[in-house]
Amino acid sequence: MKNFLLTIAYIGTRYHGYQVQKNLITVAGTFQDALEDLLGVRADITGCSRTDSGVHANGYCLNFRTDMKISPQSLIMALNVRLPEDISVVDCREVPIDFHARYSCVRKEYLYLFLNSHFPNPFYHNRAMFFPHPMDEKLLDRAAKEFTGTHDFKAFCASGCTLKNTTRTIFESGVTRQGDLVTFRICGDGFLYNMVRIIAGTLIEVSKGRFTPENVKEMILSRDRTKTGMTAPPHGLYLNRVFYE
């Protein structure tokens, strides 16, 4: 028995998220179809996390076990000829049999992309949030850095969150600009439901002048979702990298 860890990239626009859902097209369901065509059986796959409808991934990780004798490189090629053009296997390696794509993960990195331009760019349609108003990336970088450290992020979880433990550690958080593209990058040991999108939405409110970077600590301490910003749309969000020991 072999346990393979695969890294896949996908454009999430036409999918109802990663997780399998009955009668809906999802990334996991589409991947399982390709894998079943290769193996002859429908294998169980374990993903590193869920992603919402419209969310993308540069480096989503999943693992599955099989008795099939195949090398990682051959597995990549065999799956890519069976997958649609908006999903691609970019890496594969054999891991210990007890490896678990979700529970073995030690940190994840997300990106949120803003297209800060006077006019929409068709090449970023459904790939970045279009924001035609002034955006000071240095101000936003100051605000983003206020999220680093270990905090209770209940204020940045979707309304109705019932998790008992909403404390997470953020290792890095910052904003950079390259031309019209403004990128928010955040890396942590875990994230609450919609947490990155709510932080991105809060940065939008900072850009509009509703909040200042100094307000971030107050928001965190409040543990109150109504004190934070909007939930930014899903199409600007990317699961960028997953880290293991």
Side-chain angles (χ1 to χ4, degrees), residues 9-14 51-59 107-149 151-159 161 168-188 191-241:
Y10 58 83
I11 297 298
T13 304
R14 73 185 186 100
T51 58
D52 291 338
S53 296
V55 173
H56 316 296
N58 295 321
R107 63 177 67 184
K108 296 172 187 169
E109 180 182 85
Y110 285 89
L111 305 179
Y112 195 94
L113 305 186
F114 301 97
L115 178 64
N116 185 217
S117 170
H118 293 299
F119 307 104
N121 183 329
F123 290 100
Y124 286 106
H125 177 64
N126 284 331
R127 306 286 205 281
M129 178 183 171
F130 176 54
F131 191 77
H133 311 291
M135 199 173 233
D136 182 346
E137 67 277 7
K138 292 181 180 178
L139 178 70
L140 299 187
D141 185 58
R142 280 175 48 209
K145 284 179 167 48
E146 294 290 332
F147 290 96
T148 57
H151 308 288
D152 184 342
F153 284 100
K154 185 174 177 61
F156 294 88
C157 185
S159 299
C161 175
R168 300 291 186 271
T169 298
I170 300 302
F171 304 110
E172 296 177 76
S173 179
V175 175
T176 56
R177 177 188 286 272
Q178 186 173 12
D180 291 334
L181 197 65
V182 175
T183 302
F184 164 51
R185 181 174 69 90
I186 187 167
C187 180
F191 295 89
L192 306 173
Y193 183 53
N194 280 351
M195 179 173 161
V196 180
R197 288 170 58 191
I198 294 170
I199 294 176
T202 300
L203 294 179
I204 292 169
E205 302 293 354
V206 171
S207 191
K208 292 178 177 179
R210 180 185 171 195
F211 301 134
T212 68
E214 291 70 32
N215 292 144
V216 171
K217 287 182 180 178
E218 301 167 13
M219 295 178 196
I220 293 172
L221 291 173
S222 77
R223 302 182 74 247
D224 185 349
R225 174 67 185 93
T226 66
K227 303 292 186 184
T228 57
M230 61 178 278
T231 303
H235 60 263
L237 182 61
Y238 295 72
L239 175 56
N240 194 47
R241 288 193 293 173

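If you take CZ on Phe156 and CZ on Arg225, they are separated by 8.5 Å, rounding to the nearest 0.5 Å. Asp224 CG to Met219 CE: the interatomic distance, rounded to the nearest 0.5 Å, is 11.0 Å. Between atom CD1 of residue Ile186 and atom CZ of residue Phe171 there is a gap of 11.0 Å, rounded to the nearest 0.5 Å. Atom CE of Met230 sits about 6.5 Å away from atom NZ of Lys208, to the nearest 0.5 Å. Annotation: the span from Ile198 atom CD1 to Ser159 atom OG amounts to 7.0 Å, rounded to 0.5 Å. Atom CD in Glu109 sits 4.5 Å away from atom CZ in Arg241 (nearest 0.5 Å).
Between Cys187 and Arg107, the closest heavy-atom pair is SG-CD, 3.6 Å. In terms of heavy-atom proximity, Leu140 sits nearest to Met135 at CD1-CG, 3.6 Å. When all heavy atoms of Asn194 and Ala158 are compared, the pair lying nearest together is ND2-CB, 3.8 Å. Shortest non-hydrogen contact noted between Gly201 and Ala232 is N-CB, 3.9 Å. Nearest approach of Ile220 to Glu146, heavy atoms of both residues: CD1-O, 4.1 Å. Listed here is the closest heavy atom pair of His151 and Thr148: NE2-O, 2.8 Å.
Taking the side chain as every heavy atom from C-beta outward, Pro213 and Leu139 approach each other to under 4.5 Å. Side-chain contact between Glu214 and Arg142 is present, with at least one heavy-atom pair separated by less than 4.5 Å. Looking at heavy atoms from C-beta onward, Val216 lies out of side-chain contact with Val206 at the 4.5 angstrom threshold. A heavy-atom distance below 4.5 Å is found between the side chains of Phe184 and Ser173. Side chains of Thr202 and Phe211 form a contact here, defined as non-hydrogen atoms less than 4.5 Å apart. Contact check for Val175 versus Lys145: no side-chain heavy atoms found under the 4.5 Å cut-off. A 4.5 Å side-chain heavy-atom check between Ile170 and Met195 finds at least one atom pair inside the cut-off. The shortest distance between side-chain heavy atoms of Asp52 and Leu237 does not fall below 4.5 Å.
We find that Lys227 and Glu218 are not joined by a salt bridge, their nearest charged nitrogen and carboxylate oxygen being 4.0 Å or further apart.
Applying the ring-ring contact (aromatic ring centres under 6.0 Å, His included) test between Tyr110 and each of Phe147, Phe191, Tyr238 identifies Phe191 as the sole match. The only member of Ile204, Leu115, Val182, Asp180 that meets side-chain contact (heavy atoms from CB on, under 4.5 Å) when paired with Phe131 is Ile204.
At least one donor-acceptor pair under 3.5 Å links the side chain of His56 to the backbone N or O of Gly12. The closest donor-acceptor contact from the side chain of Arg185 to the backbone of Asn240 lies at 3.5 Å or more, if one exists at all. Between the side chain of Asn116 and the backbone N or O of His133, at least one donor-acceptor pair lies under 3.5 Å. Using a distance-only test at 3.5 Å, with no hydrogens or angles considered, a donor-acceptor pair links the side chain of Ser207 to the main chain of Pro134.
Ring geometry for Tyr112 versus Phe114: interplanar angle of 30 to 60°, hence tilted.
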Compile the donor-acceptor pairs under 3.5 Å between side chains in residues 122-129 and protein atoms, sequence neighbours left out, one pair per line.
none

